[in-house]
Amino acid sequence: MNHPVESSSAGEWRDVQSSLPWVASFNKCIREESLPRLNGREIIIASDASGQHRQNPFEVLGILILDFDASLQFEVQRQVIRKGILKDSRRLSFKKLDEPVRKRALVPFLLAADTIPGLCLCVAVNKRLTMLGGGPGFFEALRQNSILKASWTFESFERMSRTAHFISLLIAGLCCEGQNVFWISDEDEMFESPVKSEDTLRVLSTYFQMYVKWAMGNLRVGTTKLDEGDRFEEDFAAIADIAAGALGELVMRVQKEAGEGITEAIAAGLATDVTGKSDLLLSWLADNSHALKRASLVFDRRKDGKFCITRIGSKRDIEPLDTTR
């Protein structure tokens with residue numbers, strides 16, 4: 001029988017040591033968030049991205065990290081939703097939430113997600129920032145030394161490397177010795193071919209070895225393609241997808257209206273200027289009163305050109321989700 005892993009810092013962030021200055025800022029921001037206790041043996045990470053269209057100056061990465069051993073309640077409620085509403089196994093996604101069946105399933109799905117012991121981290125990154133995944137110099141060095149085997153544009157490599165970087169940071173900051181980690185990714189460009197999959201795993205391994213200084217269990221990676229029809233993998237990834245989509249719409253509106261670097265005050269003032277589905281989801285993202293904690297960060301440049309990370313704060317007194325929507 002597998003027993004829960006002992007954690008010396010349950011619900012707290014373990015600062016990740018790095019030579020990169022922005023990681024220190026990331027540590028500081030995450031320490032100020034409400035964080036989960038991940039003590040189970042099996043840890044699942046699901047990721048998805050939003051904002052790659054040209055109109056949005058930000059790309060948003062949604063990452064869900066959870067204690068699978070303590071997520072039975074979510075699994076039970078997920079199965080009820082699948083049998084009662086999403087009977088045809090259709091996938092939940094931010095872009096398709098206006099479709100009637102998916103719209104009807106959204107609030108029950110979010111309420112089910114509330115029961116998950118974990119963290120939903122959304123990171124909005126200004127597209128002008130090119131150092132979170134190593135930067136052009138790192139990319140060129142990997143190409144010239146034939147470490148990258150696939151054909152990547154710098155933009156797609158930066159996106160892949162940035163995702164691997166944040167996942168490694170979350171493992172190092174929240175996970176414990178002996179835990180098994182399974183990363184589920186959407187079927188995007190990182191895994192669109194066997195050779196790109198190998199490059200992605202190689203970069204993930206590099207960051208993992210940089211930050212994780214203790215003995216892990218197994219580290220496995222798969223995509224939503226592995227789904228066997230019960231939408232198990234798809235539904236975990238959907239949480240990351242719809243959260244990232246909502247934050248992506250918010251930061252796009254903020255940038256358009258404010259015309260300057262995003263601050264928490266500016267974001268709060270313009271949060272109502274979003275679509276109905278985003279308004280609901282942003283309220284859900286701001287609610288940290290449940291087992292599933294949420295954190296939303298914006299990586300941007302200030303007016304003076306300096307790098308900054310802004311926390312999109314959580315609401316203390318939040319209205320419950322309107323189940324009639």
Side-chain angles (χ1 to χ4, degrees), residues 1-7 14 16 36-49 61-72 74-75 78 91 113 116-121 123 133 147-150 156-157 159-241 243-244 292:
M1 174 182 285
N2 288 336
H3 297 284
V5 178
E6 293 298 327
S7 172
R14 180 191 300 106
V16 182
R37 178 183 302 172
L38 305 180
N39 284 347
R41 180 70 62 178
E42 304 297 327
I43 302 298
I44 290 180
I45 299 174
S47 67
D48 210 328
L61 173 64
I63 303 176
L64 174 70
I65 181 169
L66 61 99
D67 181 342
F68 179 68
D69 294 342
S71 298
L72 178 60
F74 170 73
E75 180 59 17
R78 188 186 75 84
R91 178 184 179 181
I116 298 173
L119 172 68
C120 182
L121 172 66
V123 180
I147 295 174
L148 292 177
K149 307 300 182 182
S156 62
F157 169 80
R159 192 176 300 117
M160 174 271 284
S161 184
R162 182 171 65 221
T163 301
H165 204 165
F166 276 112
I167 286 174
S168 299
L169 287 170
L170 286 178
I171 293 172
L174 290 175
C175 293
C176 305
E177 183 175 355
Q179 288 177 319
N180 300 315
V181 176
F182 179 31
W183 172 26
I184 303 169
S185 171
D186 189 26
E187 287 184 84
D188 56 17
E189 59 190 345
M190 297 186 295
F191 298 99
E192 66 184 4
S193 68
V195 67
K196 279 199 169 182
S197 297
E198 291 175 5
D199 284 346
T200 300
L201 294 177
R202 195 174 297 112
V203 171
L204 175 67
S205 178
T206 298
Y207 287 126
F208 185 86
Q209 292 176 29
M210 283 173 55
Y211 296 135
V212 179
K213 304 302 182 183
W214 23 268
M216 289 285 297
N218 297 322
L219 176 62
R220 297 178 297 143
V221 179
T223 71
T224 51
K225 186 178 180 180
L226 295 172
D227 199 291
E228 297 179 351
D230 64 353
R231 290 296 186 258
F232 174 84
E233 289 84 1
E234 292 271 13
D235 286 342
F236 280 120
I239 298 172
D241 170 76
L292 182 62

Give a yes or no on whether the ring-centroid distance for W183 and F191 is below 6.0 angstrom.
-> yes
Aromatic ring proximity H165/Y211, centre distance under 6.0 Å = yes
Apply the test side-chain contact (heavy atoms from CB on, under 4.5 Å) to residues V123 and L121: give CA-CA distance (whole Å), side-chain angles for both, the deciding distance (0.1 Å), then the verdict.
-> CA-CA 7 Å; V123 180; L121 172 66; 3.8 Å; yes
Taking all heavy atoms of [X] and all of [Y], pick out the closest pair and write down the distance.
X	Y	result
A244	L61	CB-C, 4.4 Å
I239	I116	CD1-CD1, 3.7 Å
S168	Y207	OG-CB, 3.3 Å

Less than 4.0 angstrom from a charged side-chain N to a carboxylate O is my criterion; do [X] and [Y] meet it?
X	Y	result
D199	K196	no
D69	R37	no
E198	K149	no

Which value, rounded to the nearest 0.5 Å, describes the distance between N180 atom CG and I44 atom CD1?
-> 11.0 Å
Parallel, tilted or perpendicular, as decided by the 30° and 60° cut-offs, for the rings of F236 and F232 = perpendicular
Between S71 and E75, do the side chains contain an N or O donor and an N or O acceptor separated by less than 3.5 Å?
-> no
